[in-house]
Amino acid sequence: MLTNFFSNTKPVNSVFIITLFMCYMSIGFFTGEIASLNFGLFFWFLVLFGFVNFVNSRNDLTFDNSFFFLFFVILIGCFPSTIKIDSFFYSNLILVIYVRRVYSLQSSKNISKKLFDSGLWIGISFLIEPFSLIFIAMTYLAILLHQHVDYRKLLIPVLGFLSPVILSFTYFFWYEELDRFYALFYWYTSYDFSFYNSFSFQLLFGIVFLLIFLSFLLKTPKALSVKNTFRKNWILLCFHMLLACALLVFIKNRNGTEILYILFPAAIIIANGFELFRKKWFADIIMLLIFLVSLIPLLIH
């Protein structure tokens, strides 16, 4: 029954999922994971939901259903510390806009514009979170996969990246605050993962990565067996997930919000694996179990 309900993209599905998110917000507030509830918090997450759904549907990263959106919200519920507006959130939002341009390279229209935009958005994200620069590797993998390789196209993302960086340098130079600009290139980090030492974090990480691994095993043979656009997107998506995990390792000042970086690719991978279940009753049980897992932070807080 649950599988049938979310197997389409009707407005009622989105309303239900957004209501579920509001429940997670309330739970996070009462458990102390969220400092306060306000319209701004809800608004910015609605903006994020709009972008992630647009990227998914526009580039056919999953079938035409609501599984991705549902799993994305459930994964946020698993980690209520991600329901926060800070620099990590804004950087993640910019990266979602960035990957929209990268995945759209599957189309041969306006390639130069897409490449410049991808460099521009990664440059803006770099100004917010310097380590997010590693995602520019996605642009060059997409260029390779979609066979857009020539020296001009390789340089265009760099020009896009330099545009906001040069403007930032001009701003800091004018206000004599160049130390803040140079700090963007001081790539040091702390490998202190004590924030993740709680039992609930370790259990949830283990379950989520188990779901990602199983979905990867189920989907990869089917995705790679056919030479089509999705095959290239699947490779790009797996690389996206790998870079997001690397960013969690490199990033400093961890507070839990940074987990949001991995939730977008994780939800798409899990949705792709979930779509392969043919028996509805089995899919219903799996979906219910995933939802129950998202309640762990509340039950053992």
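We find the CG-CD1 distance between Leu141 and Ile136 to be 13.0 Å, quoted to the nearest 0.5 Å. Here Thr170 contributes atom OG1 and Ile166 contributes atom CD1; the two are 7.5 Å apart, rounded to the nearest 0.5 Å. Rounded to the nearest 0.5 angstrom, Tyr90 OH and Leu93 CG are separated by 9.0 Å. Atom CD1 of Ile156 is separated from atom CG of Asp150 by 7.5 Å, given to the nearest 0.5 angstrom. Here the CZ-CD1 distance, from Phe205 to Ile259, works out to 4.0 Å after rounding to the nearest 0.5 Å.
With Phe68 as reference, Phe264 is the one residue of Phe49, Phe264, Phe63, Phe6 to meet the ring-ring contact (aromatic ring centres under 6.0 Å, His included) rule.
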Taking only distance into account, with no hydrogens and no angle test, what donor-acceptor pairs under 3.5 Å do side-chain atoms of residues 112-126 form with protein atoms, sequence neighbours excluded?
{"from": "Lys113", "atom 1": "NZ", "to": "Asp117", "atom 2": "OD2", "distance (Å)": "3.2"}
{"from": "Lys114", "atom 1": "NZ", "to": "Ser104", "atom 2": "O", "distance (Å)": "2.8"}
{"from": "Lys114", "atom 1": "NZ", "to": "Lys109", "atom 2": "O", "distance (Å)": "3.1"}
{"from": "Asp117", "atom 1": "OD2", "to": "Arg101", "atom 2": "NE", "distance (Å)": "3.3"}
{"from": "Asp117", "atom 1": "OD2", "to": "Arg101", "atom 2": "NH2", "distance (Å)": "3.1"}
{"from": "Ser118", "atom 1": "OG", "to": "Leu115", "atom 2": "O", "distance (Å)": "2.7"}
{"from": "Ser125", "atom 1": "OG", "to": "Ser91", "atom 2": "OG", "distance (Å)": "3.1"}
{"from": "Ser125", "atom 1": "OG", "to": "Ser132", "atom 2": "OG", "distance (Å)": "2.8"}

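Without hydrogens or angle criteria, Asn56 side chain to Thr62 main chain gives a donor-acceptor distance under 3.5 Å. At distances below 3.5 Å, not a single donor-acceptor pair connects side-chain atoms of Asn272 with backbone N or O atoms of Ser215. With Asp64 contributing its side chain and Thr9 its backbone, the two residues share no donor-acceptor pair below 3.5 Å.
Taking the six-membered ring where the residue is Trp, Trp187 and Phe131 present tilted rings, their angle falling between 30° and 60°. Under the 30°/60° scheme for interplanar angles, the aromatic rings of Tyr103 and His240 are found to be tilted. Note: Phe216 and Trp234 have parallel aromatic rings, judged against thresholds of 30 and 60 degrees for the angle between ring planes.
Side-chain atoms of Asn233 and Asn59 include no donor-acceptor pair closer than 3.5 Å.
In this structure, Lys84 and Phe89 approach most closely via the heavy-atom pair O-CB, 3.5 Å.
Hydrophobic clustering of Ile, Leu, Val, Met, Phe, Trp and Tyr side chains at less than 4.5 Å, counting indirect connections, unites Leu46 with Ile85.
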Quiz item: Could you walk me through whether Phe277 and Phe274 pass the ring-ring contact (aromatic ring centres under 6.0 Å, His included) check?
Solution: CA-CA 6 Å; Phe277 293 132; Phe274 188 82; 5.7 Å; yes
